[in-house]
K.L.:
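This is the structure I have questions about; it appears just below.
Since this is a predicted model, take the numbers as computed values, not measurements. Protein chains get the first letters and strands the later ones, always in sequence-line order, with residue 1 at the start of each.
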2 protein chains.
Amino acid sequence: MIAPATDSTAYSPRQNAVLDSALRLLVEGGEKALTTAGLARAANCSKESLYKWFGDRDGLLSAVIEFQARKVRVPAEAEGPLDARALTMRLEEFARELLAVLASDASLALNRLAIGQASGEGARLGHLLQERGRRGIGRRIEALLEAARQAGLIAFDEAGEAYATLYGLIVTDQHLRWLLGESPEPRTFDIRAERAVAAFLRLYRR
Amino acid sequence: MIAPATDSTAYSPRQNAVLDSALRLLVEGGEKALTTAGLARAANCSKESLYKWFGDRDGLLSAVIEFQARKVRVPAEAEGPLDARALTMRLEEFARELLAVLASDASLALNRLAIGQASGEGARLGHLLQERGRRGIGRRIEALLEAARQAGLIAFDEAGEAYATLYGLIVTDQHLRWLLGESPEPRTFDIRAERAVAAFLRLYRR
DNA sequence: GCCGATACGTACCGTACGGTACGGTACTAT
DNA sequence: ATAGTACCGTACCGTACGGTACGTATCGGC
């Protein structure tokens, strides 16, 4: 049964609390740790309620992803005059945020979950995660790049390609290393962000 | 029981055939599809033999990773005089190879396996995959970069950082997207490789 | 021709999970 | 007070998996 991807379904406070427990289990023990019985015990609810609310274990997993995505909504940054210095600072801010998000326990746990699920069965959770997570911040940074181009600060043919380049310079292979179990070192994020933005601007500055 | 990471253990032809079946199962159905009974059926061997050879399901998974890593050994490229044109071509060749490897069924399946395992239990498979897979091609390309620097073609402070930049420019977020279930489009690899190398050289050319 | 070793095929065991059913409880509306 | 609702806790069922044990067959060494 393919769930109709209901965007508007808001969960009750009780259900959100349960999803919070589910996310905690997922972060601490991976997919294997998120069992229906385990979640019922951890959240002090009954298995029957779980199946009533989320229909199915897959529905539960999808709900956890949407639950987290809903929490991450970054506040839209205050717009202001855009000169070279402001652009640099906003790009660096974005880079730091991106690294922090990708390195967070919740993000790593959900990405591991979706990736593990992507084999065999269709990539339902993968698409969901991509759509709910990345698209948001992607749109935001592409808008910033577009504004910078309009202001004559940078030049590119296609915003998507410039964004991909920026992303690659910031993240390199760190995300995969973290997913494979390496521990993030947040102290290094600042310098990574600086270097990546400097390189990006050297490539795209007019 | 922590396996002693025996590098030198070569498997018999029969065992390699079994590992090949295991990899096939893994590629087709993900980790869930690689069951002891299923592998015994697919490879026409007994479960008892599996446990005798690999000790344990974890040992089997490790063996599959090492098995694949042993197959991927890229032939060391023929060295020659290194001028700007040769450097560009070798970097583009590397980029194409890298994209092809990362997009291959086997690589994606094994990375998904190791990533799924990385939660909870220690990142044994992750480390193994990192060590057996990446290190090899990393060392090779860093040697090329070092040679290019000695030849005065490019300039950088640290080879590792230059390599990370090159990697990021080539791969961007494609690898993650593939891991999440997006289908690779090999037709685009050439142009991706060209653009990434062009950007890299614009950043590091003397 | 016999023996030991190796490995196949199958049957088996314990466990853990997804999913369902049922009795009991608090709370609300009428 | 009564009926209805939502939920908890627990017990239960079927299944599938990891791991073990056993009987049988193939094959090389003597």
K.L.:
Tell me: CG of A/D56 to C1' of C/dG18, nearest whole Å?
P.N.:
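Rounded to the whole Å, the gap is 9 Å.
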K.L.:
For B/W53 and D/dG19, give me the distance from atom CH2 to atom P, rounded to whole Å.
P.N.:
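These atoms are roughly 17 Å apart.
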K.L.:
Can you measure B/F54 atom CZ to D/dG18 atom P for me and round it to whole angstrom units?
P.N.:
15 Å
K.L.:
Taking the side chain of B/K52 as its heavy atoms from C-beta onward, which of C/dG18, C/dC8, C/dA7 lies nearest to it?
P.N.:
C/dA7
K.L.:
Identify which nucleotide among C/dG18, C/dG9, C/dG23 has an atom closest to any side-chain atom of A/T35, counting heavy atoms from C-beta outward.
P.N.:
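My answer, after comparing the listed nucleotides, is C/dG18.
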K.L.:
For A/E31 and C/dC17, give me the distance from atom CD to atom P, rounded to whole Å.
P.N.:
12 Å
K.L.:
Ignoring hydrogens and angles, does a donor from either the side chain of A/K47 or the base of C/dG19 sit under 3.5 Å from an acceptor on the other?
P.N.:
yes
K.L.:
Return the value, rounded to whole Å, for the distance between atom CZ of B/R57 and atom P of D/dA16.
P.N.:
16 Å
K.L.:
What integer distance in Å separates A/N44:CG from C/dA26:C1'?
P.N.:
16 Å
K.L.:
Could you tell me whether the side chains of B/Y163 and A/T172 share a donor-acceptor contact shorter than 3.5 Å?
P.N.:
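B/Y163 vs A/T172: no donor-acceptor pair found between side chains.
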K.L.:
Quick check, are the ring centers of A/F156 and A/F200 under 6.0 angstrom apart?
P.N.:
no
K.L.:
Kindly give the heavy-atom pair with the smallest separation between B/Q130 and A/L180, and that separation in Å.
P.N.:
OE1-CD1, 3.2 Å
K.L.:
What I want to check is whether the side chains of B/T35 and B/R57 have a donor and an acceptor closer together than 3.5 Å.
P.N.:
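No donor-acceptor contact under 3.5 Å links the two side chains.
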K.L.:
Nearest of D/dG19, D/dC8, C/dG9 to any side-chain atom of A/E48?
P.N.:
D/dC8
K.L.:
Measure the distance from CG on A/L50 to P on C/dC17 and round it to the nearest whole Å.
P.N.:
14 Å
K.L.:
Could you tell me the separation between the CZ atom of A/R90 and the CG atom of A/L87, rounded to the nearest 0.5 Å?
P.N.:
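Going from CZ on A/R90 over to CG on A/L87, the span is 8.5 Å.
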K.L.:
Please give, in whole Å, the distance from C/dG9 P to B/Y51 OH?
P.N.:
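From B/Y51 OH to C/dG9 P: 17 Å.
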K.L.:
For the side chain of A/S49, starting at C-beta, report the closest nucleotide among C/dG18, D/dG18, D/dC8.
P.N.:
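Ranking C/dG18, D/dG18, D/dC8 by closest atom to the A/S49 side chain puts D/dC8 first.
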K.L.:
Look at the side-chain N and O atoms of A/S46 and state whether any lies under 4.0 Å from the OP1 or OP2 oxygen of D/dG9.
P.N.:
no
K.L.:
Go through C/dG19, D/dC8, D/dG19 for me and flag the one nearest to the A/R14 side chain.
P.N.:
D/dC8
